[in-house]
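Report on one structure; see the data block that follows.
Just so you know, these numbers come straight off a predicted model, no measurement behind them. Count residues from 1 along the sequence.
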Amino acid sequence: MLSRLMSGSIRNLDREYNCTVRLLDDTEYTCTIQRDAKGQYLFDLICHHLNLLEKDYFGIRYVDPDKQRHWLEFTKSISKQMKSQPPFTMCLRVKFYPPDPAALKEEITRYLVFLQIKRDLYHGRLLCKTSDAAMLAAYILQAEIGDYDPGKHPEGYSSKFQFFPKHSEKLERRIAEIHKTELIGQSPETSERNFLQKAQMLETYGVDPHPCKDVSGNPAFLAFTPFGFVVLQGNRRVHFLKWSEVTKLKFEGKTFHIYANQKEDKKIILTYFAPTPEACKHLWKCGVENQAFYKLEKSSQVRTVSSSNLFFKGSRFRYSGRVAKEVMEQSAKIKRDPPEIHRAGLVPSRSCPSITHGPRLSSVPRTRRRAVHISIMEGLESLRDSAHSTPVRSVSHGESFIPRSRSQATDASDGAAVISDETYSPSDSVLPTPVADHSLELAVSRQINGAPCSIEEEIEPEAGTPSAGEAGDLGADGRASGPAAGSGGATALSEAEQVNKFVLSVLRLLLVTIGLLFVLLLLLIILTESDLDVAFLRDIRQTPEFEQFHYEYFCPLRRWFACKLRWVGGLLINK
């Protein structure tokens with residue numbers, strides 16, 4: 001009896017495993033789920049834990065052993081999606097950014113979106129000019145520490161918070177000035193709403209960058225926003241396509257294609273190359289989901305999408321869930337007392353030190369900061385200024401890192417000081433979302449255009465987003481390649497890949513042709529030799545054309561084959 005109980009308990013343990021999901025405030029939710037549980041079950045558990053009803057904007061992200069990011073598919077088993085062994089560690093993140101986050105029905109939803117955008121701001125994904133950056137940071141201060149109090153907040157108190165990857169002392173003073181004078185009396189909810197209203201106006205709101213290369217080999221970052229498809233190179237937006245203009249997304253291997261129709265029936269095709277085939281597939285799936293969510297009117301319009309038009313080739317994927325319009329309509333029907341919100345306040349955060357005390361983490365040594373006055377936001381004003389004049393062309397890598405001149409920096413409206421050659425690098429726009437356990441946390445030292453940037457307490461970056469050292473030299477196969485690797489090796493690799501693609505295309509065409517001929521032959525035999533009394537077969541048999549073909553061509557061909565078979569059979573018997 002005891003042995004039966006023990007064996008039963010062991011079997012139950014085998015059917016269960018632990019999952020840890022890191023939430024947006026960096027707290028962790030751990031649960032035990034059945035081995036055959038689907039992603040929707042885990043997601044519903046988290047939403048119940050958070051008391052979240054407007055949950056369609058969120059998703060669960062995980063990283064496989066190859067450091068490739070994925071969104072957990074809710075219709076599939078969790079254990080079959082994870083390539084590692086349990087226990088599993090994942091993250092709750094905003095998957096579809098609300099087009100108007102300040103208009104969300106419930107405060108709990110706005111707070112979670114606020115945490116996500118604050119994270120984007122810190123990790124360099126939400127880009128803006130200095131004046132906007134100062135306002136956003138001041139809203140964060142007001143929401144987290146309340147009104148300015150001289151007794152609690154001594155001179156230079158804003159320097160103890162880290163809002164951006166790096167910023168200048170001048171920007172810190174401006175943040176403190178706004179917090180002291182303009183935001184007095186604002187509640188956390190009001191500050192968070194104002195923060196969201198400000199953030200949604202920025203060009204890079206909702207950007208989750210995917211590192212790629214264009215056809216010229218220049219680094220680029222592709223992203224899907226609530227308003228369309230975006231390509232960033234350096235500190236410039238070189239392409240923007242509205243969702244209504246995007247007609248198809250395709251991928252093959254590492255190659256990603258975007259088809260679009262613009263004004264005056266102008267058709268364009270953009271081609272980019274991902275570091276790995278897995279990264280390219282993840283990029284394609286993200287694009288398919290975002291297009292369905294933001295573009296369609298109803299979820300009933302969602303269709304299964306193929307990565308290619310050819311038979312027996314490519315991946316098939318279907319977005320499962322409601323679309324943006326349905327989500328907003330459903331949110332309007334929510335009628336309940338607002339749930340209590342437990343704000344993070346000054347709880348230390350590993351991945352977003354903007355709410356931790358301690359010295360400012362600057363990428364520039366203090367002895368050089370007064371001479372340089374670097375601000376990542378000051379180096380990005382051109383990105384904001386190009387909002388309505390986006391060229392539909394490729395920009396070379398050299399053009400994308402043109403800093404403002406010394407005189408321009410002095411005369412800028414924001415009164416910016418000198419901008420050195422250490423301007424923004426797109427490799428700083430990665431998504432280092434924490435996914436590892438505490439034992440795997442490590443300090444990451446990143447390179448920003450030649451200047452070392454040490455960020456304390458930063459977790460290993462999520463897979464699929466290269467570190468700064470890799471972004472500049474990311475080769476065609478996703479690995480860093482120095483100049484010694486040479487253009488010769490890259491050319492040889494490119495030619496070999498082209499030959500392989502051509503051979504595979506010919507083989508696919510040959511297989512498709514043989515398959516079609518076999519199907520036609522099978523149909524012909526059924527028509528001529530079978531006694532199936534099916535209506536459409538009977539109608540075909542009775543047509544004059546088929547009767548002529550049958551007696552003039554098929555019967556002589558059948559007799560010829562029968563004669564040859566008898567002749568071969570006679571030879572075999574005589575031997």
Side-chain angles (χ1 to χ4, degrees), residues 101-102 114 117-145 147-148 156-186 190-207 225 232 234-237 354 360 362-364 369-370 372-390 402-420 422-424 428-429 448:
F114 164 77
I117 299 176
K118 186 179 71 169
R119 183 184 297 273
D120 294 344
L121 188 67
Y122 171 72
H123 288 305
R125 295 188 294 273
L126 185 66
L127 312 180
C128 55
K129 55 185 180 182
T130 308
S131 57
D132 293 331
M135 200 71 206
L136 289 171
Y139 283 135
I140 295 174
L141 266 184
Q142 183 67 23
E144 294 189 347
I145 68 174
D147 292 341
Y148 170 71
Y157 70 100
S158 63
S159 65
K160 299 183 182 297
F161 299 86
Q162 184 76 9
F163 305 102
F164 318 107
K166 58 176 182 173
H167 53 270
S168 65
E169 294 177 351
K170 179 181 177 182
L171 182 58
E172 290 171 359
R173 291 194 296 269
R174 178 57 183 156
I175 294 169
E177 180 183 347
I178 296 173
H179 178 236
K180 293 176 183 178
T181 59
E182 300 182 27
L183 306 182
I184 296 296
Q186 285 192 11
T190 303
S191 296
E192 289 162 8
R193 189 189 292 268
N194 291 335
F195 175 89
L196 295 176
Q197 289 176 335
K198 188 76 175 176
Q200 79 176 75
M201 302 301 295
L202 301 177
E203 227 176 44
T204 49
Y205 166 72
V207 164
T225 73
L232 301 172
N235 59 353
R236 295 186 181 183
R237 188 179 74 174
S354 63
R360 179 178 66 253
S362 174
S363 61
V364 184
R369 279 206 304 269
R370 295 186 180 275
V372 180
H373 286 282
I374 291 177
S375 169
I376 184 170
M377 301 305 150
E378 293 169 353
L380 292 168
E381 291 187 4
S382 60
L383 180 63
R384 177 63 180 167
D385 297 338
S386 64
H388 304 292
S389 58
T390 303
I402 301 176
R404 295 181 300 169
S405 65
R406 189 178 294 265
S407 59
Q408 287 175 323
T410 305
D411 298 335
S413 60
D414 289 325
V418 180
I419 302 298
S420 75
E422 298 177 19
T423 52
Y424 171 70
D428 222 26
S429 290
I448 301 183

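The line from OG of Ser158 to CZ of Arg173 is 9.5 Å long, rounded to the nearest 0.5 Å. With rounding to the nearest 0.5 angstrom, the OH atom of Tyr122 is 12.5 Å from the CD1 atom of Ile140. Considering CZ of Phe164 and CG of Leu121, their distance stands at 5.0 Å, rounded to 0.5 Å. Note that NZ of Lys198 and CG of Asp132 are 4.0 Å apart. Values are rounded to the nearest 0.5 Å. Distance check: Ile117 CD1 to Arg125 CZ gives 11.0 Å after rounding to the nearest 0.5 Å. A distance of 11.5 Å separates CG in Leu136 from CG in Leu141, rounded to the nearest 0.5 Å.
The two residues Thr130 and Leu171 make their nearest non-hydrogen contact at CG2-CD1, 3.6 Å. When all heavy atoms are compared, the tightest approach of Ala102 to Gln197 is CB-CG, 3.3 Å. Among all heavy-atom pairs drawn from Thr204 and Leu232, the shortest one is CG2-CD1, 4.2 Å.
If you check the side chains of Gln186 and Ser191, you find a donor sitting under 3.5 Å from an acceptor.
Phe163 and His167 have tilted rings, their planes meeting at an angle from 30° to 60° on a 0 to 90° scale. Relative ring orientation between His179 and Tyr157 is described as tilted, the plane-to-plane angle lying within the 30° to 60° band.
No donor-acceptor pair under 3.5 Å is formed between the side chain of Gln142 and the backbone N or O of Ile145.
Counting heavy atoms from C-beta on, the side chains of Thr225 and Val207 come closer than 4.5 Å.
Checked for salt-bridge contact, Arg174 and Glu177 meet the test: a charged N lies under 4.0 Å from a carboxylate O.
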Worksheet entry | Evaluation steps, side-chain contact (heavy atoms from CB on, under 4.5 Å), between Ile178 and Leu183 | CA-CA 7 Å; Ile178 296 173; Leu183 306 182; 4.3 Å; yes

